[in-house]
Structures are given as C-alpha cells and as structure tokens.
Amino acid sequence: LYSCDIFSEIGERFLVIRPKSIASLRSAVTLIARNGFSIVPRGAGLSYSSGYLPDEQRSVILDTTHLTRIIEINADDLYVTVEPGVTWESLYQALSPLGLRTPYYGPFSGRFATVGATVSQNSVFFGSAAYGSAADSVLSLEILRPDGSVIATGSSASRFEATPFFRNYGPDLTGLFLSDCGAMGVKVKITLALLQIPPATAYLSAGFATAESMLSVMSKIARTGVATECFAFDPFLLEARIASEGLKSDIGHLLRMSRAAARTLPEYTKLMLSALKGRGDLRSSHWTIHLTVDGLTSPEVNHRRSLLEKMVESQRGEVISDALPRLVRAKPFGPVNRILAADGERWVPMHALVPHSRALDVMAATNAFLESNRDVMREHGIRAGYLFMISGRNSLVIEPTFFWPDAHYEIHKTYIEPERYLTLPGHDRNVSARDAVSTLRQNLARLYAERGCAHLQIGRFYPYLESRTDEFSALLWSVKSVVDVGNQMNPGSLGMKRKASEF
Ligand SMILES: Cc1cc2nc3c(=O)[nH]c(=O)nc-3n(C[C@H](O)[C@H](O)[C@H](O)COP(=O)(O)OP(=O)(O)OC[C@H]3O[C@@H](n4cnc5c(N)ncnc54)[C@H](O)[C@@H]3O)c2cc1C
C-alpha cells in the first residue's frame, strides 16, 4: 500500500511508522533523523504526484492517520486546532452541530483526506469559490523539525500568552510551511479559521454549448465572489462521474440523509425530485457548471442566484436541474469510488491554476495538445475529460483527467467500497499505456510551466524548482537549509533533491 499513490508505484524498500501520539511522533522523528534516514510524511495517501513516495531506500514514511485529535474548537475567537491526521469529514461532523465550519472545508476526497496533508500540498474544492484554497484558511501551525524542535507560527509564537488567532503577526512564517509537500517539516498542529454556517443556501446549474462560453461565465462569477462553490465538467467527464458513482446511489443516499437529518417532507421531496429530474437533464446538456450560494437570508441568496442566472444568460447558457450541487452539499464527503472508472479503468487527474485572462488560451493549448496526441491515445485506449473549478477571485482551475485500461493498485482496493469494487472489471497490467499516460502528463505539465501556470499538489511531479528564477530557488534552498539542516525532510519533493554527499 505504501509503495504506490493513485498514479505511481515504486519498488523502493523503506520503513513505515504510524505513531499514536505527537509525543511518540516527536521521539521517532528525532531518532530517525539522528540515524541519517530521511522523513517522508503521509496522510491518507490520496494524491497522485508522488508526494510521499520516497526517493531513497533509507527513508521512513510517517503515517499520520492515527493522530486524529481535535484539540480545540474556539467558537468565541473562531478557530479550530487539530492534529494532522484529522479528516475533513470528521472535522466537518464535529463543527456542524455547533453551526460552524472552516472557510475552505475540504477536498472531494475529504472522507479520508487529512487536514495536515491537505494544507501541506494545498487543495481546492469546498468553499473555494468564496474563500480560496486550503492554505488560505490556515491561521497558525506547529512544525516538528528533524532535530525534534517544534516551531509555532503567527500569534502562537508568543513567549507569553500564545493564542493561534492571527496569522500575519510579522512576516508570514505560516505560509513558509504551507504547500511545501512536507519539505520544510512535519505539521503536528494546524489551526484553521472558523465561520458561522450561513443559514440560507441556493443552488444553480447551467449548460453551455462550448467550453469557452462556460469558462467566461466562471471568470465573471469568480470576480464577483458571489458563489461559495463552483465546479464544472465537460460532457465526457460528467457522464463518467454519473456512471462511476451513480445518481442511483446518490438518491439512496439522499433517503438516508433526509431521515438522519429529519428534514421536512417538502424539502426532502424537492431533493428527491431534483435528483431524479437531474438524471436525464444533466446528461443532455453539454458543458455544465454547478454552483452553491450561501447567505444570511433566503432573499439574499435568491438575489445572488438571480445575478448568477444573468451571467449564465449573457453567454447563452441554459439553466438546468440543480440536482448535482444539491447532492454534493447534502453529503459533501462521499465515497471515493471514482478512483477507478465504471468499467474498472484507471483514473488520474492533473491540473493548472490560471489567471482569468489566460484561461481560454490555456484551455485551447490543452485541447491542441490532446488533439496532437490523438493517435497515441487511441493506440493505448486512453481517454480524457475535464473538471473545472474556481479558486478565490483570481484564478480558475483547469483539470484534465485521464482514463486507461490497466491493473489496479493496492490503494484502489483499499479505498473503493468493497461491494462496489466487486462489481468492477479488472484489467491486465498495461505498462505501455501507463507509460504513455505518464509521458502525456509530463509533457502537459511542461506546457503549463511554460505558460506560467501554478499548481497545487506539486509533489515530485510538477516542474516546480526548475521553473523558478535563480533568485527564488537560491532563497528557497537557504530557507530549507535553516529549517531542515540535514535536508532530511521529504527530499525530492518540490524538486529539492538531496546531493549524493548528503546521503
Ligand atoms: C477521489 C479523489 C478526489 C479528490 N478531490 C480533490 C479535490 O476536490 N481537491 C483537491 O485539491 N484535491 C483532491 N484530491 C487530491 C487529494 O486527495 C487531496 O489533495 C488531499 O488533500 C490529499 O490528502 P491526503 O491525506 O490523502 O494526502 P497525502 O497524499 O497522504 O499527502 C499529500 C502530501 O502532503 C505531505 N504531508 C502529509 N502529511 C503531512 C504533515 N503532517 N506534514 C507535512 N507534510 C505532510 C505528504 O508528504 C505529501 O507530499 C482528490 C483525490 C481523490 C483520490
């Protein structure tokens, strides 16, 4: 299990530890470092950029999934402090009854994905249209270094009364450790901001004839900051998603949810009808966008929804059933069955964050790239689709996703629900197709680098360090040499490899 992520598998042999307390993690890290091993933190393992796959045999993987304490929920000062292995779903479940949630409140994989790992590689989805990425919701961190020392950041670094309520007290040392993919230290405590859950929500879905018109509307929506969530699909990926997860199971799920949450009958009926209607409606549209709008009152969210409708109409979009955003909100953290397609084929996404002014250009370049590789894709049975998201006011996420026939890894068998996995056809090991997908991903990542795109989940995949200026790289290396003197923290992630002399 530990030698693969969702895309890659490695043959290296290494040790794995799964500490049950921060104290034992701390003693283990000190011992590991003193003996010259490198330290590779891991959460649930649901990434696909080799972020926790060690470069070296003398490595120890730190599985943080048993560090699951919610340390403090502070409803007065609006923050929550957690250990790194807390999942987004368990955090959401602990906060919801108190009428609270974090601004960014998790990735689609949040049933298993951990808070510590998510802020370490950064992520967008729930809450991202309004509040940006996971890193934007962090107030303060405690970082364990290989020498066993712990650094608190932000207002928590006070030698007097340390309270993690304010991030930018002086230079932003919290930011230094975010999106680092574990290269700067092990996060042992994470403090996130809280907000009071807005009582009113409205939904909107719309279909567009072209990607261009849909992306233009997404940029408009992002600039206004009206939506809380905004995600979109091309026709192929939407079909694949409906097939791999099935609205049928969503409807069953709604039934259970509505009972559990004791919803009123009219609301429940609306959800059901909306879900059923969505089956045909969603399939017939072309490029579809799905929005959630939060606010304090129904008139407020309805007003916001009408603003969104106008934006949709301005690009000749058609309002369709809002079943999908309703379903996603009704139960944000569903199973992660889509890590294999409905026909058992393998699945791997990649993405680019782009400023609005370059979204259409990057989309056209991606399409042209896929078109120029059509023969190789056909030869190996590789198919591709798109997911899109808004991240804060400044950027769009374009996420091409590949499918191809290939053997499943242990990680697929671990995370797909057992009854679902039994229904999925297996495939033979298909190294040539996997290599072809790998080459496509690498070449597309290079194309994105050359267009100045940014990325989450850099890991060992996106060409990060090599695409930075000399000045930036030199500063980053100097910082690393101070916080991680022996270069033992996840060497190779962010492209920061160890020199032979450091082994
Ligand atoms: C079905 C599915 C849906 C997904 N949906 C989304 C989505 O909506 N949005 C999105 O952005 N991504 C998504 N992802 C990608 C991924 O699941 C998320 O980014 C998630 O946050 C990863 O969490 P994890 O616990 O699995 O991290 P892991 O894969 O275990 O680790 C990720 C990185 O964090 C580092 N790390 C882990 N713990 C620590 C720590 N305590 N200190 C320092 N470094 C650490 C690791 O070394 C590694 O580099 C999805 C993946 C799947 C399979």
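Worth saying up front: this structure is predicted, and the values here are computed from it rather than measured. Heads up: numbering here begins at 1 and tracks the sequence. Counting starts at 1 for both ligands and their atoms, in listed order.
We find that Asp5 and Arg460 are not joined by a salt bridge, their nearest charged nitrogen and carboxylate oxygen being 4.0 Å or further apart.
Here the protein heavy atom with the shortest distance to atom 26 (O) of ligand 1 is Leu46 N, 2.7 Å. Taking atom 27 (O) of ligand 1 as the reference point, the nearest protein heavy-atom neighbour is Ala117 CB, 3.0 Å. Looking only at heavy atoms of the protein, atom 15 (C) of ligand 1 is closest to Tyr48 OH, 3.4 Å. The protein heavy-atom contact nearest to atom 21 (O) of ligand 1 is Thr118 OG1, 2.6 Å. Regarding atom 53 (C) of ligand 1, its nearest protein heavy-atom neighbour is Ile339 CG2, 3.4 Å. Gln121 OE1, 3.5 Å is the protein heavy atom nearest to atom 33 (C) of ligand 1. Counting only heavy atoms of the protein, atom 17 (O) of ligand 1 lies nearest to Ser109 OG, 2.7 Å. Residue, atom and distance of the protein heavy atom nearest to atom 47 (O) of ligand 1 are Pro41 O, 2.6 Å.
Judged by the shortest distance from any of its heavy atoms, Gly185 lies inside the 4.0 Å radius around the atoms of ligand 1. Look at Trp347 and you'll find a heavy atom under 4.0 Å from some atom of ligand 1. Under a 4.0 angstrom heavy-atom cut-off, Gly459 registers as lying outside contact with ligand 1.
When the heavy atoms of Phe125, Phe108, Phe126 are ranked by distance to atom 5 (N) of ligand 1, first place goes to Phe108. When Ser128, Cys181, Ser123, Ser391 are checked for heavy-atom proximity to atom 11 (O) of ligand 1, Ser123 turns out nearest. For atom 49 (O) of ligand 1, the candidate residues are Gly51, Gly85, Ser120; the nearest heavy-atom contact is made by Gly51.
By the 30° and 60° cut-offs, the orientation of the rings of His412 relative to Tyr409 is tilted. Under the 30°/60° scheme for interplanar angles, the aromatic rings of Phe333 and Tyr92 are found to stand perpendicular.
A cation-pi arrangement is absent between Arg441 and Tyr48 under the rule of less than 6.0 angstrom and at most 45 degrees off the ring axis. In this structure, Arg111 forms no cation-pi arrangement with Tyr415, as its terminal cationic atom is not both closer than 6.0 Å to the ring centre and no more than 45° off the ring axis.
Contact annotation: for Asn490 versus ligand 1, heavy atoms closer than 4.0 Å belong to the side chain alone.
Using a 3.5 Å distance cut-off with no hydrogens or angles, the side chains of Tyr105 and Ser137 do not pair a donor with an acceptor. No side-chain donor from either of Asp435 and Ser438 sits under 3.5 Å from a side-chain acceptor of the other.
Residue-ligand proximity, Val186 to ligand 1, at heavy-atom distances under 4.0 Å covers atoms 42 (N). The ligand atoms of ligand 1 that sit less than 4.0 angstrom from a heavy atom of Pro107 are 6 (C), 7 (C), 8 (O), 9 (N), 10 (C), 13 (C), 21 (O).
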